[in-house]
Structures are given as structure tokens and as C-alpha cells.
Amino acid sequence: MSPEVAHTTGSQAHQRPARLKAAVIGAGMLGIDLAHRISASSSLTCSLVVGGRNSVTGLRVAAEMGCATSTSGMDAVADADVDVVFDASNASAHPSHWADLASTGVLLLDLTPSSGGTMVAPTVNGHLAESGRHLSLVSCGGQAVLPVLDVVARHCGPKALQYIEVVTTAASASVGRASRLNLDEYIAITQYAVQKLTRDSLAMGGAVKVLANLSPALPAPAFRAEVAVVVSGVDLDALRADLEAATVAVRAFARGYEVVSCRVDGDMVRVTVAVAAEGGQWLPAYAGNVEIINAAAVLMAERHAAARKT
Amino acid sequence: MSAMETGRGTSGARVAIHDATLRDGQHAVRHQLAAEQMRAYAQAADRAGVPVVEVGHGNGLGASSLQIGRARLTDDAMLAAVREALTSSQMGVFMAPGWGTGKDLRNAVDHGADVVRIAAHCTEAAVTERHLGLARDLGVEAQAVLLMSHMVGPGRLAEQCARMVGFGAQAVGIMDSAGHYLPTDVTERIRAIAAAVDVPVIFHGHNNLSLAVANSVAAVEAGATIIDACARGFGAGAGNTQLEALVAVLDRMGHRTGIDLRALLAAADIAHEQLLDELPAIDSVSLISGLTGVFSGFKLPVLAAATAAGLDPLDIFAELGRRQAVAGQEDLIAVVVRDLTVRAQ
């Protein structure tokens, strides 16, 4: 990746389309995988990776990829004059990042579980990326289950869902320190996103509950999400067909996404999702949680870039 | 106690008993304890001088769910019932980040919880940082425990426990969530932990291999000073360390628990009559669950799934063990059942 690639507006390069310049905040597993994906994108270029003092290894990897690196936080982001910022830092730090960027023209994609931005999942409401300036990717669990719940909600109709429960299990090695500190926020924002998305379909008083497991099993298992919805009168065959279509749409950007099963169990519909990482050379296969949120974020930035050009 | 002939030894360590009857026992009755049951047992335990009475859903605060089992009572109702029954015993709660949240923890402290246990799977001590800090900020006793601890060795457990002390834990230790340990396993683990930290060390045993009391004794001899137990062993599958038996054994060995054994036996009788559907037993399924290292709390959901699918529950446990299922991953049971069914066809 050549760092001197032209800024998007103005001078159009002849050999390749102009790319939006992106900065990544966070040099953990999420941040470095993002840098890889941005570098591989035809409409983005990774101009900067910002890390904390403990991110020596991550920043070295980013530098080896040809990205500029810094430990100077948002000052470095401001100096880099970028079009897009991916925030993979910490939920508690995110609001100040938005405060710094709100008055600029920069697109901010939030990969931390903090509330504030417009919550997006590519196959559910990805069009919002075209006009949005502050987008929240919700959470890895949110990206895994929102496509499923969107289908279930549309399928069952208004006020039909009595209760929704989501349980995610990530491999220990796929979850970094910030994510561990942010477990409460992960649960809160995933619950909030599910509530918001299924608003019209959730019965009066219908609750949403999210639980999160980290598995120490070795070899590390792929990311899993279990969705249970209390609802009656489901046409299982029709639901399965709709889920199949939704899965195909998600697999277009996250190849390791799979609906393992969809079944009716008493007054419940249960859907099991597994997500393996297949889209990058860098991520281990078990880290499907990292892949799905990062692939979604890059796709949203690309969609935003395309809309800017037209 | 003086009325009981005990034949005491002389080792004389002070051991704090942590009574998990009204929390871990819930697994045996699908988390269906009612307020009056809780109140009756808590009063009796309080009378016996049990230092800490833990209460909650079997998997702790916030864990009532389709995945793990829905509790009859809300956390609020359980906490209120037990709080009003206790005069001298402290009220304990258990919270695993990911199942419960800081909000649940604050709520429990508002209800008068004195001792807070923050739990994580054996390699996941890092998830306790935030909530141990919160517990300390709230001014309660903050303890930390590692679940499914048989999955890693003594050095790793000691290192994880030391980290939790760094996060503010005032006592740390391990749970034998699968009932997999032999006494020698416990000895080397507790010894390693006790050498690595300068706070009290906790051991929590399950009885799948009929070793819960023996393992607890091994833990005490290796330096643990907080031991968990449940009246009549009330708990999932083969049950937990039997509280009254443990106290009697520790008493014979000359350790001091501060508990009145006669009053404790009365409390255990109340548990037997009012809490238990049946006495915990080491049946074939519980024995295999211990051998395969699967969380004891999976017993009832596995039996239900086995019956529905026409499978042998022992095969399901063996496969769950092979996949290293951890507590909280009850959704894996259905996956394993499906795979075994496909394989059988």
C-alpha cells in the first residue's frame, strides 16, 4: 500500500480510483485486522493506526504493513487529515473521539460498544451508511444476530415477539482487554440494538436479554450466537427460507457466517449462528467475532465512499 | 458444640464457611426456590452462626434466562427474602460478568449484600477487573473465583488469582465446577495459589467423584481458609460439598469454623425437608459428568435433551467434555444432540 495515494476529492488518480483516507484508533486484534482490511479495500487506504502505550506489537505490525503509526491519540488523527476514522479503542473513550470529530466532515465508525452513533448492520439497514456521519457497528454479537432477528421480526409480524434472548460465546483468545472491560456495555448496546430493531414486533413488555460467554476451550472454538425468541405460530419452513436468503447476504461480506440451525422448541424459535473468520490471512479461524464486525465496518465505509463520489 | 463429642485434632486453623445452599443449590431445583423456602433456611443458617449465606439464581445475579434456566423469583425478591432473615450472618452474592452486569451488582448491594463474589472461567480473570473495582468502590467485601478450574494447571490458576488480587479482590480461589478433582489436584493448586497471593484462598467443591469433603480438607491443609459448602450437598447433579459433614470433619480435625454444629444440623434438616426435591446422589450421569469435566449444572438440561432425542445422556456428556463446554454454554447441548443424532443415522 503506497501511503502517498491521493486524497479522494480533487486529483483523480488515473491508474486506480481515488480512495478515502482512513485512520484506525486501537492497535489490538480489532485495530490491526481493520488495517489489513482497509488496505485491501479498493476505495479506502489506511493512513494511520493509533495505539496506546501498550500497543507496541500492534503498532509494529501496522508499520510493517506500511501504515503510519502514532501513540499521540486524537492529535495524530487530526494531523493525518483523514476522511474516515474507525474507532476500535474503548467504549469509555469513544464519546470524546466523536466530540473531536463532530464538527469536521469525517465519517466516524464506532466499533466499541458505546451508544451515540446510528446503529447499522449491513444487510439490515446498511443504506444508512450513505448519509450517516457517526455510525455504530453495535457489537460483534449484534452483527451476528441482527440479520437473524430482522428476519424473525418481519416474519412474525407486529407485537408478536414475547421475549428475545441472545447468548454469544467467543474464544478467549479473540477477546482483548478493552472488550473484557466493556462487557457491561457490550450487553447493554446489543440489547438496545435488538430492542430498537425489533421495536414494532416486540410485544408490550417484551424484554430483550443478552448474555456473553468467553470460552477457554482449546483448540479455540469459532464464535457462536444463540438466538431464542418466544413467539407462537411460526411457519418454520418459510422462516428457514428467509433465513437462508439473509445468510447469503451476510456471507457476501463475511464468508464464515453460517446459520447452523433453526428450530421450534415449544413456544420458542431457536436459531444458532456460527461465525468463523475466513476473509483475512491474518485472523485465526476462531475469531469470527472480529471478522464480522470489522468486515461490516469496512463495508459501511466503502458504501459511504461510493455515495460521496456520486 | 461442647455437648458433641468430637475428638478434635490440634491443627487449629480458622476456616470461614461460605454457605452456597441458596445459590448453587438452585441448580438442583431448576432455580425454583420460593421466598418462604429461602427465608426458612437463611434463618436457620443464621442461627447456626454460618458466616456468609449466599443467595441468587444458580449462576448468580442477572443469570435468570432461557439459556441457563429462569428463576422463580427475581433477584430483588431473593435478596429481600434472605436479607430480612439474617441477623448476624453476612449476605453473599455471586456475579459472573457476561451473565450479570454492574447494574445487577449495585442493585444487590442496595439490597444489603455484604460479600460479593465476582466469577470468571479459569483463564478469564481479566473480565473481573471492572466489577472487582466496582465492588470495592461500593464498600463491600470483594472476592473472586475461577470457574471450571480443572481445565488449566496450578501455575496458570495462581497467576490468574494474583491478577484478581491486583484488581482489588480481598479473597481469591477456585471452583471445581465439574467435580473433576482428586485431592492431590486440589493440594497442588491451592498451594500454588496460596504462595502467589497474600489474601485468603477459596475452594468450592462438587461431589461427582465422592470427593468433595476430602477435596475441601485437602484445600484447607494446603492453605485455603474460605470453603464453600451446601446443606445436604444441595446442588446440581451429585451435589456440592456437604456443609454439615464438612463442618463436623473440620471440627474433628481441630479447625475452627465458629459454627454451632447442632444448630447447623437443624438447618440442614430444614434444607432437606423444605428445599430439596431429592437428595443429591452420584448416579451414572453425575459420575460421567465429573469424569468428563463438564459443569455439573448441565445435568438436568442434558437429561431433558437426551429423553427428547432418544439418546444416552452419557454419550452427550462425553461429547460435551470433548468440546470443553463451559458453564453458560447450555446452547451447546442442542448442538451436540443434533450431531450425535446425525451420526447415529
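Chain A is the first sequence line, chain B the second, and so forth, proteins listed ahead of strands; every chain is numbered from 1. None of these values were measured; they are calculated from a predicted model.
Here the CD atom belonging to Q329(B) is positioned 4.5 Å from the OG1 atom belonging to T169(A), to the nearest 0.5 angstrom. How far CD of Q324(B) is from CG of L218(A): 6.0 Å, rounded to the nearest 0.5 Å.
Other residues, nucleotides and ligands place more than 12 heavy atoms under 6.0 Å from the CG atom of D110(B). The 12-atom threshold is exceeded at CZ of R251(A), counting heavy atoms of other residues, nucleotides or ligands nearer than 6.0 Å. Within a 6.0 Å radius of NZ in K159(A), other residues, nucleotides and ligands contribute more than 12 heavy atoms.
Using a distance-only test at 3.5 Å, with no hydrogens or angles considered, a donor-acceptor pair links the side chain of R130(B) to the main chain of L181(A).
We find that R224(A) and D331(B) are joined by a salt bridge, their nearest charged nitrogen and carboxylate oxygen being less than 4.0 Å apart.
Side-chain contact between I68(B) and L211(A): present, with at least one pair of heavy atoms (C-beta onward) separated by less than 4.5 Å. Between R270(A) and L66(B), some side-chain heavy-atom pair lies under the 4.5 Å cut-off.
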- Item | Intermediate values then yes/no, side-chain contact (heavy atoms from CB on, under 4.5 Å), Q67(B) and K209(A) | CA-CA 10 Å; Q67(B) 171 84 352; K209(A) 182 161 182 67; over 6 Å; no
- Query: How far apart are the C-alpha atoms of S261(A) and R338(B), what are their side-chain angles, what is the distance that settles it, and do they pass the side-chain contact (heavy atoms from CB on, under 4.5 Å) test?
  - Reply: CA-CA 9 Å; S261(A) 80; R338(B) 205 170 43 247; 3.3 Å; yes
- Message: Could you walk me through whether E124(B) and V175(A) satisfy the side-chain contact (heavy atoms from CB on, under 4.5 Å) test, starting with their C-alpha distance in whole Å, then the side-chain angles of each, then the deciding distance to 0.1 Å, before giving a yes or no?
- Response: CA-CA 10 Å; E124(B) 308 306 309; V175(A) 179; over 6 Å; no
- Steps toward side-chain contact (heavy atoms from CB on, under 4.5 Å) verdict (L214(A), V326(B)): CA-CA 9 Å; L214(A) 301 183; V326(B) 293; over 6 Å; no
- Decide yes or no on salt bridge (charged side-chain N to carboxylate O under 4.0 Å, His left out) for R70(B) and E165(A), but give the supporting numbers first. CA-CA 12 Å; R70(B) 278 172 150 171; E165(A) 188 170 295; 5.5 Å; no
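Ranked by heavy-atom pairs under 4.5 Å with chain A, the first of P97(B), S65(B), G102(B), G328(B) is S65(B). Of the listed residues (A96(B), A327(B), A126(B)), the greatest number of heavy-atom pairs within a distance under 4.5 Å of chain A belongs to A126(B). Most heavy-atom pairs under 4.5 Å with chain A: of the set R323(B), E129(B), E330(B), this distinction falls to E129(B).
With 3.5 Å as the limit, one finds a donor-acceptor pair spanning the side chains of D184(A) and H131(B).
Residue A308(B): no heavy atom, backbone or side chain, is found under 4.5 Å from chain A. For V152(B), no part sits under 4.5 Å from any heavy atom of chain A, backbone or side chain. Interface residue I187(A): only side-chain heavy atoms are found under 4.5 Å from chain B. For chain B, the nearby parts of N182(A) are the backbone and the side chain; heavy atoms of each come within less than 4.5 Å. For Y163(A), the part lying near chain B is the side chain, with the backbone staying farther off; criterion is any non-hydrogen pair under 4.5 Å.
Among all heavy-atom pairs drawn from S172(A) and T123(B), the shortest one is OG-OG1, 4.1 Å.
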